[in-house]
K.L.:
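My questions all concern the structure below.
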Amino acid sequence: MISMKDVYKKYPNGVVAANGISVDIQQGEFVYVVGPSGAGKSTFIKMMYSEEKPTSGDVIINGKNIAKMKRNQIPQLRRELGVVFQDFKLLPKLNVFENVAFALEVIEEHPKVIKKRVMEVLDLVGLKHKMRMLPSELSGGEQQRISIARSIVNVPKIVIADEPTGNLDPDNSWEIMKIFEEINTRGTTVVMATHNREIVNTIRRRVITVEGGMIARDVDGGDYGYES
Amino acid sequence: MKARTIRRHFRESFKSLGRNGWMTFASVSAVTVTLLLVGVFAIIMMNLNNTADSVEEDVEVKVLINIIEDEKEAKAAEDKLIKQIEKIPEVAEVRYSSKDQELDLLIEKLGDEFKLYEQSNPLRNALYVKAEDPLDTLTMSEKIREIENVHSVVDGEDTVENLFTFLETARNIGLVLILGLLFTVIFLISNTIRITIIARKDEIEIMKLVGATNWFVRIPFLLEGIWIGVIGSIIPMVLVSVAYTQLHTVLSSELKGQLLQLLDVTPLIWQVNGLILILGVFIGMWGSFMSVRKFLKA
Ligand SMILES: Nc1ncnc2c1ncn2[C@@H]1O[C@H](COP(=O)(O)OP(=O)(O)OP(=O)(O)O)[C@@H](O)[C@H]1O
Ligand SMILES: [Mg+2]
């Protein structure tokens, strides 16, 4: 469960990227965040995994107010979330298996657990058979699937994605969306910032439109509401 | 922390040492040179201090007493003088030595020819006075000079003062030099670690994203710094040990009966080796800590 209340964010350079945002997202929801470039979508999302702290207001994730959280508590928060980016952020020298396992190794998970979970998520994203390959040997879509596998390998309640299909062609984008839907079906909350009109208008879900750091529209089963 | 995690940190830190090749080499060399100087300096200072200590213990002021013909009067005057000297706060100990005892000393030191003087002893009765703190010797002898019936005070002013000034100057110059070097080395190490951190920027970003703790992220870099310090202290430890053992064998017989005495090889070299190693670990840790703090903030 994600809950923001009167969130205001001013960057050190004076830009106000969130100007009084209040929103509630229930466990298990699938939410698109849309809006023009520079509207504040990424900022909105970054405040959910404490990459940015709000200047004022509350951000409650899984019952904890992370706006007031100390820095040494961030790791625990991140373990309860999965984050996916437009640029995959895979480590080029590690193979597919190792890239996914990395997320569990650095939180000191037991090797046996790591092996089991990594196999499960690689199966889910359909890339078990390529687990010995390096990221450079995979297509963009496949790389993004690995990155998604990594984000869910710790079984998070919430997956946050910032333009996960931004670098992908339509076919690969649909592949990625299928995986997100599958994750969502299993009860995980998915919050996804996107510019992909076709996807938003086809797979109908809750759509939050951000404009000028404010929520301009918030419609269940809505469409890609603004003109770009 | 789990054994598995510790192994991982060690592995990562060694990998970085290798990957940074030349920077590692430069840092290790700088540590080596610095610690070698530290070791040599420590050995010299410890030996000089030891010499100074033994000189200090010997620092005694000799007070010559005015000659008074009447024996009774002389005795009374001497007793009074001793009481007065004992009242001076800096004084630790006063010892009386009659002119006959003085002559015996002289004969013992300079030879039987001086037995001539046994007929008519030209010497004066004397007092030997020690200060509580050797550094107060000169103040003390100034005060003694003021007292009645004191003919003169022999305090070896120049020797004592010169030795102390020399020791202090040597210590200060050495310390400044070494501090300067230490900072240079710490800076070099922190630069090396900075390069490692930059090389691992992506890895660190992902680690933090998936919830690795700050210490988990930091420890390999701190370890890398420590290794640089430890590797850099090996050569200085070996060289200092071997060199001092040799020096001791060669010089200690030469120095027999001299003021300057070399300290025994043990425990000295263990103390110095300990100092070198601890300092190596410390500068390595500090160097990497500076970079870690700067570049691994959030
Ligand atoms: N770290 C930062 N420091 C200063 N200003 C920033 C920072 N990050 C974002 N901004 C500014 O905040 C505003 C919102 O940025 P944000 O990245 O949230 O927009 P966005 O909706 O994600 O845009 P896009 O669709 O292009 O990704 C922009 O004006 C941007 O320039
Ligand atoms: Mg963005």
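Numbers restart at 1 for each chain; the letters A, B, ... are given by sequence-line order, proteins then strands.
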K.L.:
Near Tyr11(A) OH, under 6.0 Å, is it more than 12 heavy atoms from other residues, nucleotides or ligands?
P.N.:
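Yes, the 6.0 Å shell around OH holds more than 12 heavy atoms from other groups.
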K.L.:
Can you confirm whether Lys68(A) is buried at NZ, in the sense that more than 12 heavy atoms of other residues, nucleotides or ligands lie under 6.0 Å from that atom?
P.N.:
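Result for NZ/Lys68(A): enclosed.
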K.L.:
Taking side chain as everything from C-beta outward and backbone as N, CA, C, O, which of these in Lys93(A) sits under 4.5 Å from a heavy atom of chain B? Side chain, backbone, both or neither.
P.N.:
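Just the side chain, heavy atoms under 4.5 Å.
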K.L.:
Considering residues, nucleotides and ligands other than Lys53(A), do more than 12 of their heavy atoms fall under 6.0 Å from its NZ?
P.N.:
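Yes, NZ of Lys53(A) has more than 12 neighbouring heavy atoms, counting only those of other groups under 6.0 Å.
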K.L.:
Locate the shortest heavy-atom distance separating Glu108(A) from Lys2(B); write the atom from each residue and the value.
P.N.:
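Scanning both residues completely, I find the closest heavy atoms to be O-NZ, 3.1 Å.
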K.L.:
So which residue, Val106(A), Leu104(A), Asn72(A), Leu94(A), ends up with the most heavy-atom pairs under 4.5 Å with chain B?
P.N.:
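Most heavy-atom pairs within the cutoff with chain B belong to Val106(A).
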K.L.:
Under the side-chain contact (heavy atoms from CB on, under 4.5 Å) test, which residues partner Leu239(B), sequence neighbours left out?
P.N.:
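If we apply the side-chain contact (heavy atoms from CB on, under 4.5 Å) test to Leu239(B), skipping adjacent residues, the hits are Leu36(B), Ile235(B).
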K.L.:
Where do Met207(B) and Phe102(A) come nearest, in terms of heavy atoms and distance?
P.N.:
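Smallest interatomic distance, heavy atoms only, reads CG-CZ, 3.5 Å.
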K.L.:
How many angstroms lie between CD1 in Ile206(B) and CG in Asn99(A), if you round to the nearest 0.5 Å?
P.N.:
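Here the interatomic distance stands at 7.0 Å.
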K.L.:
For the OH atom of Tyr49(A) and the CG atom of Leu209(B), what is their distance to the nearest 0.5 Å?
P.N.:
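Interatomic distance, Tyr49(A) OH to Leu209(B) CG, rounded to 0.5 Å: 6.0 Å.
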K.L.:
Picking from Arg150(A), Glu80(A), Glu51(A), Gln76(A), which has the most non-hydrogen pairs under 4.5 angstrom with chain B?
P.N.:
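Of the candidates given, the most pairs with chain B belong to Arg150(A).
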K.L.:
Given a strict heavy-atom distance threshold of 4.5 Å, which part of Thr213(B) is in contact with chain A: side chain, backbone, both, or neither?
P.N.:
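For Thr213(B), the contact with chain A is made by backbone and side chain together.
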K.L.:
Write down the atom of Ala212(B), the atom of Arg79(A), and the distance for their closest heavy-atom approach.
P.N.:
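Result for this residue pair: CA-NH2, 4.2 Å.
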K.L.:
If the condition is side-chain contact (heavy atoms from CB on, under 4.5 Å), which residues does Asp123(A) pass it with, not counting sequence neighbours?
P.N.:
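Checked Asp123(A) against side-chain contact (heavy atoms from CB on, under 4.5 Å); matches are Lys128(A).
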K.L.:
Give a yes or no answer on whether the side chain of Arg4(B) reaches the backbone of Glu109(A) with a donor-acceptor pair at less than 3.5 Å.
P.N.:
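Checking the backbone N and O of Glu109(A) against the side chain of Arg4(B), a donor-acceptor pair under 3.5 Å is found.
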K.L.:
Closest approach of Ile107(A) and Val210(B), non-hydrogen atoms and distance?
P.N.:
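It is CG2-O, 3.6 Å.
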K.L.:
So with a 6.0 Å cut-off around CZ of Phe14(B), is the heavy-atom count from everything else above 12?
P.N.:
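Atom CZ in Phe14(B) is crowded, with more than 12 foreign heavy atoms closer than 6.0 Å.
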K.L.:
If you count heavy-atom pairs within less than 4.5 Å of chain B, which of Ser50(A), Gly82(A), Pro92(A), Pro111(A) leads?
P.N.:
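Top count of heavy-atom pairs under 4.5 Å with chain B: Pro111(A).
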